[in-house]
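Below is one structure; the comments refer to it alone.
The basis for the numbers below is simple: all heavy atoms, side chains too, and nothing from hydrogens, waters or symmetry mates. Here is the naming used below: chain letters follow the sequence lines, and residue numbers restart at 1 for every chain.
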Protein chains: 2
Amino acid sequence: MAVDREQVLRGAAALLTHKSTATMDEVAKAAGISRATLHRHFAGRDALVRALEALGIAECESALDTARLDEGPARDAVRRLVREIEPAAGLLAFLYTENQLFEGEEQHQGWTRIDERVSGLFRRGQLSGEFRIDLTPAWLSEALFGLLASGAWMVQCGRGAPKDFQHMIVELLLGGALRPPAPQDG
Amino acid sequence: MAVDREQVLRGAAALLTHKSTATMDEVAKAAGISRATLHRHFAGRDALVRALEALGIAECESALDTARLDEGPARDAVRRLVREIEPAAGLLAFLYTENQLFEGEEQHQGWTRIDERVSGLFRRGQLSGEFRIDLTPAWLSEALFGLLASGAWMVQCGRGAPKDFQHMIVELLLGGALRPPAPQDG
DNA sequence: CCCAGGTGAGACAGTGATGTCTCATTCCCG
DNA sequence: CGGGAATGAGACATCACTGTCTCACCTGGG
């Protein structure tokens with residue numbers, strides 16, 4: 001009975017997301033298989049992390065596709081994007097920190113593609129006059145992923161409710177903490 | 001000549017900030033001392049990380065004091081806080097991820113204190129009507145640290161200029177990405 | 001029934017980091 | 001100048017994780 005590679009990756013992601021130093025043994029246990037079988041499917045820890053990276057990229061790009069970033073107001077596209085990407089937020093949070101390990105090597109091309117698409121969305125919003133122009137698209141993109149990670153950790157630690165996830169992130173990213181000034185006539 | 005413990009911690013922080021898996025040997029080299037001396041001052045890697053945590057907490061609380069969170073408009077207090085905390089952002093970014101390792105144990109009391117003070121600032125802003133009330137103080141606090149970490153990494157990777165650090169973080173946190181509606185009379 | 005493929009359990013050596021130790025050297029202070 | 005403290009260099013055992021291997025099992029298909 002062939003192990004479901006996808007399911008193993010899910011289990012590994014779930015564990016590594018909240019314990020990034022888990023050993024291959026722990027990963028195997030979390031995935032419900034033996035360490036030997038884990039090694040049969042992934043040459044080593046590095047290969048496993050790479051596979052998780054590929055999975056994260058795939059889920060990201062899938063979310064980007066589903067969110068239809070080119071349609072409608074940019075702010076609505078951001079809302080759709082956060083909603084679609086939420087299920088992958090935990091995995092992204094793990095990869096977000098793990099990427100620090102890849103310092104020596106070049107970044108995976110997938111991340112560049114994703115970053116370009118997200119930055120492009122923010123740039124579109126700036127050109128349409130929706131978004132302010134003193135914050136660079138690169139920073140807005142980085143901030144989006146940072147907030148996603150923060151939100152994922154917060155939910156994982158039980159300090160926040162999953163149902164608030166999208167609202168917290170989108171509202172802070174788009175509107176900020178300041179209360180919008182009431183329409184005034186004086 | 002007694003090693004300057006503070007200086008060693010600075011060196012360790014600088015290295016671990018952008019390579020969280022650095023070995024004791026690398027840390028020692030980065031701090032300009034031998035591994036033996038490093039072990040004489042910090043019983044082990046764990047003790048070193050704990051000391052870095054204490055340093056980070058101390059710098060945070062120092063920044064909180066200097067920023068005088070209780071004075072003036074809350075938005076200005078946030079601006080002062082980010083400005084004061086910027087030098088420690090790299091260290092905080094490291095601790096922000098490293099904290100995942102302390103999952104089993106209780107969180108350091110210092111973080112709780114810091115979180116309460118920052119949350120208190122946001123709560124004050126909500127009560128004064130400056131900040132919107134649909135984002136919890138806990139989330140705003142979490143988001144602040146998340147954005148600090150994102151900003152620190154971005155600067156470290158050369159994808160952003162240090163001079164933009166404060167502006168990027170404060171403006172996004174307070175104002176969000178949306179362009180504020182122009183004062184309109186119709 | 002029998003066999004082949006996939007799996008679990010465990011043994012095994014290799015590796016890298018750790019923590020401790022010793023010894024020579026250096027530097028400050030008296 | 002002399003002594004003591006601190007440091008650097010390196011040896012050493014230990015430990016945890018890794019990667020590979022073997023063997024038994026068990027499960028489904030011919």
Side-chain angles (χ1 to χ4, degrees), chain A residues 1-56 91 94-95 97-105 108, chain B residues 1-56 91 93-105 108:
Chain A
M1 53 172 117
V3 159
D4 182 353
R5 179 187 168 100
E6 180 84 4
Q7 185 180 340
V8 171
L9 280 177
R10 300 283 171 186
L15 173 61
L16 287 172
T17 291
H18 74 277
K19 183 173 180 182
S20 56
T21 59
T23 67
M24 293 294 274
D25 206 47
E26 292 172 304
V27 171
K29 211 159 294 182
I33 61 176
S34 71
R35 196 165 67 94
T37 301
L38 181 59
H39 264 92
R40 286 188 189 102
H41 287 268
F42 304 96
R45 186 190 178 76
D46 195 63
L48 176 64
V49 173
R50 297 296 178 158
L52 283 171
E53 186 182 33
L55 177 64
L91 175 57
F94 162 66
L95 295 171
T97 64
E98 197 75 2
N99 267 349
Q100 306 294 324
L101 302 181
F102 302 162
E103 51 175 86
E105 324 160 26
H108 191 297
Chain B
M1 57 170 114
V3 159
D4 183 354
R5 181 187 166 100
E6 181 84 3
Q7 184 180 341
V8 171
L9 280 177
R10 300 284 169 185
L15 173 62
L16 287 171
T17 291
H18 74 277
K19 182 173 182 183
S20 56
T21 60
T23 66
M24 292 295 274
D25 205 48
E26 293 171 303
V27 170
K29 211 160 293 179
I33 61 176
S34 71
R35 196 165 68 93
T37 301
L38 181 60
H39 264 92
R40 286 189 189 100
H41 286 268
F42 303 97
R45 186 191 179 77
D46 194 61
L48 177 64
V49 173
R50 296 297 177 155
L52 283 172
E53 186 183 33
L55 177 63
L91 175 57
F94 161 67
L95 295 171
Y96 192 66
T97 63
E98 197 75 3
N99 267 349
Q100 306 294 324
L101 301 181
F102 302 162
E103 51 173 88
E105 325 162 26
H108 190 297

Practice task
Report the distance from atom CD1 of B/I33 to atom C1' of C/dT25, rounded to the nearest whole Å.
Solution key: 17 Å

Completion exercise
Regarding the side chain of A/H39, the nearest nucleotide among D/dG19, C/dG8, D/dT7 is D/dG19

Problem - Partners meeting side-chain contact (heavy atoms from CB on, under 4.5 Å) with A/E26 (sequence neighbours left out) - result: A/L15, A/K19, A/A22, A/T23

Completion exercise
Applied to residues 30-44 of chain A, the salt bridge (charged side-chain N to carboxylate O under 4.0 Å, His left out) test, sequence neighbours excluded, yields A/D25-A/R35

Exercise for the section: Please examine the side chains of A/F42 and A/R5, heavy atoms only from C-beta on, and report whether any two atoms are closer than 4.5 Å. Expected result: yes

Problem - Separation of atom CG in A/L48 from atom C1' in D/dT18, rounded to whole Å - result: 13 Å

Problem - Any donor-acceptor N/O pair under 3.5 Å between D/dG19 base and A/R45 side chain - result: no

Problem - B/R40 CZ - C/dT22 P separation (whole Å) - result: 12 Å

Completion exercise
Note: B/G56 and B/L95 closest approach over all heavy atoms is CA-CD1, 4.0 Å

Handout entry: Under 4.0 angstrom between B/S34 side-chain N/O and D/dT7 OP1 or OP2
Key = no

Handout entry: B/L48 and B/L9, any side-chain heavy atoms less than 4.5 Å apart
Key = yes

Exercise for the section: Tell me, please, which residues at least two apart from A/R10 pass salt bridge (Lys or Arg N to Asp or Glu O under 4.0 Å). Expected result: A/E6, A/E59

Exercise for the section: Check whether any side-chain nitrogen or oxygen of A/H41 sits under 4.0 Å from OP1 or OP2 of C/dG6, and answer yes or no. Expected result: no

Handout entry: For A/A43, side-chain contact (heavy atoms from CB on, under 4.5 Å) partners two or more places apart
Key = A/A47

Practice task
Classify the nucleic acid contact of B/R35 as base, sugar-phosphate or nothing, counting any heavy atom under 4.0 Å across all strands shown.
Solution key: base

Handout entry: Rounded distance in Å - CG (B/L38) to P (D/dG10)
Key = 17 Å

Problem - Whole angstrom value for the distance that separates P of C/dG6 from CG of A/D4 - result: 15 Å

Problem - Interatomic distance, B/K19 NZ vs C/dA17 P [rounded to whole Å] - result: 9 Å

Problem - Proximity to DNA chain C (any heavy atom under 4.0 Å), residues of residues 22-32 of chain B only - result: B/T23, B/M24

